[in-house]
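Indexing begins at 1, ligand by ligand and atom by atom, following the structure's order.
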Amino acid sequence: MPIDAKRPYEEGNIFARVLRGELPNKTVLETEHSLAFHDISPLAPIHVLVIPKGPYVSWDDFAAKASDAEIVDFVRAVGEVARMTGANAQGYRLLSNVGKRSGQEVPHLHVHVFGGAPLGPMLAR
Ligand code: 5GP
């Protein structure tokens, strides 16, 4: 069920549990401030989630509250994942859902990295 991204950060969300090591993940990249892992239910041949390690619900929450070091690390991690997975070879898509209208299900900021196949139109009409 999509979440309201304006609500406070919830320590029990799935990605917080991944970060605490309570749930397994298939790690692609770990940096000082970020973690990237394969989506459990991939929608493309390459489907990796990149998350900051800090407690941020959404992109705007992160942009407002994160340190410069966290932001630099996260942006670089997304680019590194695109290179490491080969998604950059023929093109890829970055997506971050925020709040109910976008269908965000996990209330911890994540960027989806999709690639490995033609990805179709940006949005269904
Ligand atoms: P959202 O809809 O919030 O943008 O995306 C949430 C994503 O998290 C979905 O693509 C979903 O498949 C993925 N996901 C949900 N639970 C887990 C999990 O426990 N492990 C992993 N690796 N991905 C998950």
Side-chain angles (χ1 to χ4, degrees):
M1 175 116 114
I3 60 103
D4 178 355
K6 293 289 180 199
R7 67 189 187 186
Y9 187 80
E10 291 171 12
E11 296 291 346
N13 79 74
I14 289 170
F15 295 164
R17 296 184 63 200
V18 167
L19 286 166
R20 289 196 295 269
E22 295 168 10
L23 294 175
N25 76 91
K26 291 186 181 170
T27 299
V28 172
L29 174 69
E30 181 165 10
T31 65
E32 183 178 1
H33 296 295
S34 309
L35 181 69
F37 51 92
H38 291 284
D39 196 290
I40 203 167
S41 210
L43 296 172
I46 298 167
H47 185 176
V48 174
L49 302 169
V50 191
I51 67 173
K53 291 182 178 176
Y56 306 105
V57 179
S58 66
W59 190 276
D60 51 283
D61 185 35
F62 181 67
K65 297 179 190 161
S67 67
D68 290 359
E70 290 175 294
I71 291 170
V72 167
D73 182 293
F74 186 65
V75 171
R76 290 213 165 114
V78 172
E80 181 64 17
V81 165
R83 287 189 295 271
M84 286 173 69
T85 57
N88 70 337
Q90 296 190 69
Y92 60 96
R93 180 171 294 156
L94 305 179
L95 175 74
S96 188
N97 290 317
V98 177
K100 284 182 184 169
R101 285 190 170 177
S102 72
Q104 182 181 8
E105 291 182 354
V106 181
H108 182 115
L109 170 62
H110 48 285
V111 169
H112 298 256
V113 180
F114 297 110
L119 296 169
M122 187 161 59
L123 288 175
R125 289 182 188 272

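Within the model, atoms CD1 of I46 and OH of Y92 stand 11.0 Å from one another, a figure rounded to the nearest 0.5 Å.
For ligand 1 and E105, the ligand atoms under 4.0 Å from any heavy atom of the residue are 1 (P), 2 (O), 3 (O). Shown in contact with H110 at under 4.0 Å from a heavy atom are these atoms of ligand 1, numbered in order with element: 1 (P), 3 (O), 4 (O), 5 (O), 6 (C). Set against the non-hydrogen atoms of Q104, the atoms of ligand 1 under 4.0 Å away are 3 (O). Within ligand 1, the atoms closer than 4.0 Å to a non-hydrogen atom of H112 are 1 (P), 4 (O), 5 (O), 7 (C), 10 (O), numbered from 1 in the order shown. Each of the following atoms of ligand 1 lies closer than 4.0 Å to a heavy atom of G103: 2 (O). Using a 4.0 Å cut-off to heavy atoms of V106, the atoms of ligand 1 that qualify are 3 (O), 6 (C). Less than 4.0 angstrom separates some heavy atom of S41 from each of these atoms of ligand 1: 12 (O).
Considering I40, I51, L23, L43 only, the shortest heavy-atom separation from atom 24 (C) of ligand 1 involves I40.
Residues K26 and I40 form no side-chain contact, since every pair of their non-hydrogen atoms from C-beta on lies 4.5 Å or further apart. S34 is not listed as a side-chain neighbour of I51, based on a closest heavy-atom distance of 4.5 Å or more. Side-chain contact between E30 and F37: absent, with no pair of heavy atoms (C-beta onward) separated by less than 4.5 Å.
Considering backbone and side-chain N/O of L49, none are found under 3.5 Å from N/O of ligand 1. Residue contacts with ligand 1: N97 is placed with a nitrogen or oxygen under 3.5 Å of a nitrogen or oxygen of the ligand (distance criterion only).
Atom CD of Q90 sits in a sparse spot, with 12 or fewer heavy atoms from other residues, nucleotides or ligands closer than 6.0 Å. Crowding of R20 atom CZ: a count of heavy atoms from other residues, nucleotides or ligands under 6.0 Å exceeding 12.
A donor-acceptor contact closer than 3.5 angstrom links the side chains of D39 and H47. A donor atom on one side chain and an acceptor atom on the other are found under 3.5 Å apart for S67 and E70.
Every heavy atom of V18 sits 4.0 Å or more from the atoms of ligand 1. A heavy-atom separation below 4.0 Å is not found between R17 and ligand 1. At a 4.0 Å cut-off, not a single heavy atom of N25 sits close enough to ligand 1 to count as contact. K26 does not count as a contact of ligand 1, since none of its heavy atoms falls under 4.0 Å from the ligand.
Among pairs with a residue in residues 62-86, those fulfilling ring-ring contact (aromatic ring centres under 6.0 Å, His included) read Y56-F62, F62-F74, at least two apart in sequence or across chains.
Atom 22 (N) of ligand 1 has H38 O, 2.9 Å as its closest protein atom, hydrogens excluded (heavy atom only). Among all protein heavy atoms, the one lying closest to atom 8 (O) of ligand 1 is F15 CZ, 3.4 Å. Of all protein heavy atoms, the one lying nearest to atom 9 (C) of ligand 1 is D39 OD2, 3.3 Å.
Each of V28, V78, V111 was checked for a side-chain contact (heavy atoms from CB on, under 4.5 Å) with V48, and the lone residue meeting it is V28.
A ring-centre distance under 6.0 Å is not found for H110 and H108.
With a 4.0 Å heavy-atom cut-off, ligand 1 is reached by the side chain of I14 but not by its N, CA, C or O.
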